[in-house]
Amino acid sequence: MTTPDSAAPDSRAPDLGAQGPSAPGLGAPRADFTWSPDPEPVHFRLAQWYSEAARDLPWRREDCSAWGVMVSEIMLQQTPVVRVLPRWEEWMRRWPTPAVTAAASAAEILTVWDRLGYPRRALRLQTAAQAIVERHGGEVPGTRQELLALPGVGEYTAAAVACFAFDQPEVVVDTNIRRVHARVFSGHALPGKTYTAQQRKLAHDVMPQTAHDDGELACTWNIAAMELGALICTARAPKCVECPVQDLCAWRAAGSPPATEEQQTRGQAWAGTDRQVRGAMMAVLRTGEPVQRSVLLETLPLPAADMEQRVRCLDSLLRDGLAAEDKELVALPGVI
DNA sequence: AAAACGGGGTT
DNA sequence: AACCCAGTTTT
């Protein structure tokens, strides 16, 4: 049916001509005739695929509250679904509304967060709950702009909550969607490190029109593209033979060229970093018992960390509100 | 634009 | 050992 050769000019087709794989300007003769598919068939293919292949996640259920969606989005920032699932269940069981979340102690919040990582997210989620109580009467706001004003809610999360909890046709772009766009529409193996204005324009341009279906297809498009990136169009070893748009994909049509040096992600170091030291200290504090400052600094199970680094990290935890200090005792905030 | 910020499963 | 993950905030 639809093949690269049959792609007719379309007024709504994304103008991707400038995004060819070769550097614009000097040297490279523009032999890279990048082809990009009409978005419309991609919309329907992915919507159909999603209806059959979507995972049954609790925050996608029809009866999930907007707060449940928001909690899931914060937890899912830089954290895989499988690790979020048990923490989300426990959080929602204990704190099913913004109001009860706002009233919890910070120590409880950080303990239930457990080892999800980036514990400042947990604190910001509680601060956001407090803001929701104060500014929105305890109800999660339903517009991108109001959501964006909440702590810990950035461009992605604001659009995601507005779309998934309130059916707003916002342009949702996460790491999965960026990769799907890069491959299907731009013909690249990977989207590159930073989210550029050009990528933002592409995401907008390939959104389904909302005029006729009240944005329903737009919301499905967002979640379906995300799910495709999570299950099929993965970063490494994508399952192209199972892909519902394999015959529409610009990357496939270009012969699946490998990622360029520019597109390689800069892998974060871990061993020896302040993040590792902070994480080890938080693990001690999560046991619940206040500890002597000197004991916390000296018994840390990280021989490679010198005292200067340990002191720096403890001070940063105190400054971030992830730990509290009383006299010589250190504990989770709210314990002391 | 780049760095800081956790932690564990996968390759 | 490197890579990856439903990003946000600060510099």
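Throughout, a chain's letter reflects where its sequence line sits, starting with A, and its residues are numbered from 1.
- With hydrogens and angles ignored, a donor-acceptor pair closer than 3.5 Å exists between the side chain of Thr79(A) and the base of dG6(B).
- The hydrophobic cluster containing Phe44(A), built from Ile/Leu/Val/Met/Phe/Trp/Tyr side-chain heavy atoms closer than 4.5 Å, also comprises Leu217(A).
- Among the heavy atoms of the strands, none lies under 4.0 Å from Arg178(A).
- Taking atom CH2 of Trp270(A) as the reference point, atom P of dA3(B) lies 18 Å away to the nearest angstrom.
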>> Met70(A) vs Ile132(A), test: side chain to side chain contact (heavy atoms under 4.5 Å, CB included). Steps then yes/no.
In response: CA-CA 12 Å; Met70(A) 178 165 164; Ile132(A) 289 170; 4.0 Å; yes
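- In the region residues 80-101 of chain A, proximity to DNA chain B at under 4.0 angstrom, judged on heavy atoms, holds for Pro80(A), Arg83(A).
- Sorted by residue number, the members of residues 164-175 of chain A with any non-hydrogen atom under 4.0 Å from DNA chain C read Asp174(A), Thr175(A).
- Residue Arg236(A) contributes atom CZ, which lies 15 Å from atom P of dG9(B) at whole-angstrom precision.
- Regarding Tyr195(A), its OH atom lies at a distance of 16 Å from the P atom of dC5(C), rounded to whole Å.
- Where Leu57(A) and Leu148(A) each meet DNA chain C at their nearest nucleotide, the meeting point lying more 5' is that of Leu57(A).
- To the nearest angstrom, P of dG6(B) lies 4 Å from CZ of Arg278(A).
- Taken residue by residue, residues 115-136 of chain A places heavy atoms nearer than 4.0 Å to DNA chain B at Arg115(A), Leu116(A), Gly117(A), Tyr118(A), Pro119(A), Arg120(A).
- Nucleic acid contact class of Thr157(A) (heavy atoms, under 4.0 Å, all strands): sugar-phosphate only.
- Contacts of Glu155(A) with the nucleic acid, taken as non-hydrogen atoms under 4.0 Å apart, involve only primed sugar atoms and P, OP1 or OP2.
- dT8(C) atom P lies 11 Å from atom CE of Met70(A), rounded to whole Å.
- Residue Gln78(A) places at least one side-chain N or O under 4.0 Å from the OP1 or OP2 atom of dG7(C).
- Residue-level contact check: Asp274(A) touches the backbone only, with heavy atoms under 4.0 Å from sugar-phosphate atoms and none from bases.
- Residue contacts for Arg286(A): at a heavy-atom cut-off of 4.0 Å it reaches the sugar-phosphate backbone alone, with no base atom in range.
- Note on Ala235(A): only backbone sugar-phosphate atoms sit closer than 4.0 angstrom, heavy atoms only; bases stay farther off.
- We find that CG of Leu322(A) is positioned 7 Å from P of dG6(B), with the value rounded to whole Å.
- With respect to the salt-bridge test (charged N to carboxylate O, under 4.0 angstrom), the residues Arg293(A) and Asp315(A) qualify.
- Residues that satisfy the side chain to side chain donor-acceptor pair (under 3.5 Å) test with Glu52(A), not counting sequence neighbours, are Gln48(A).
- For the segment residues 105-114 of chain A, no residue has any heavy atom less than 4.0 angstrom from an atom of DNA chain B.
- The CG-C1' distance, from Leu302(A) to dG7(B), rounds to 13 Å in whole Å.
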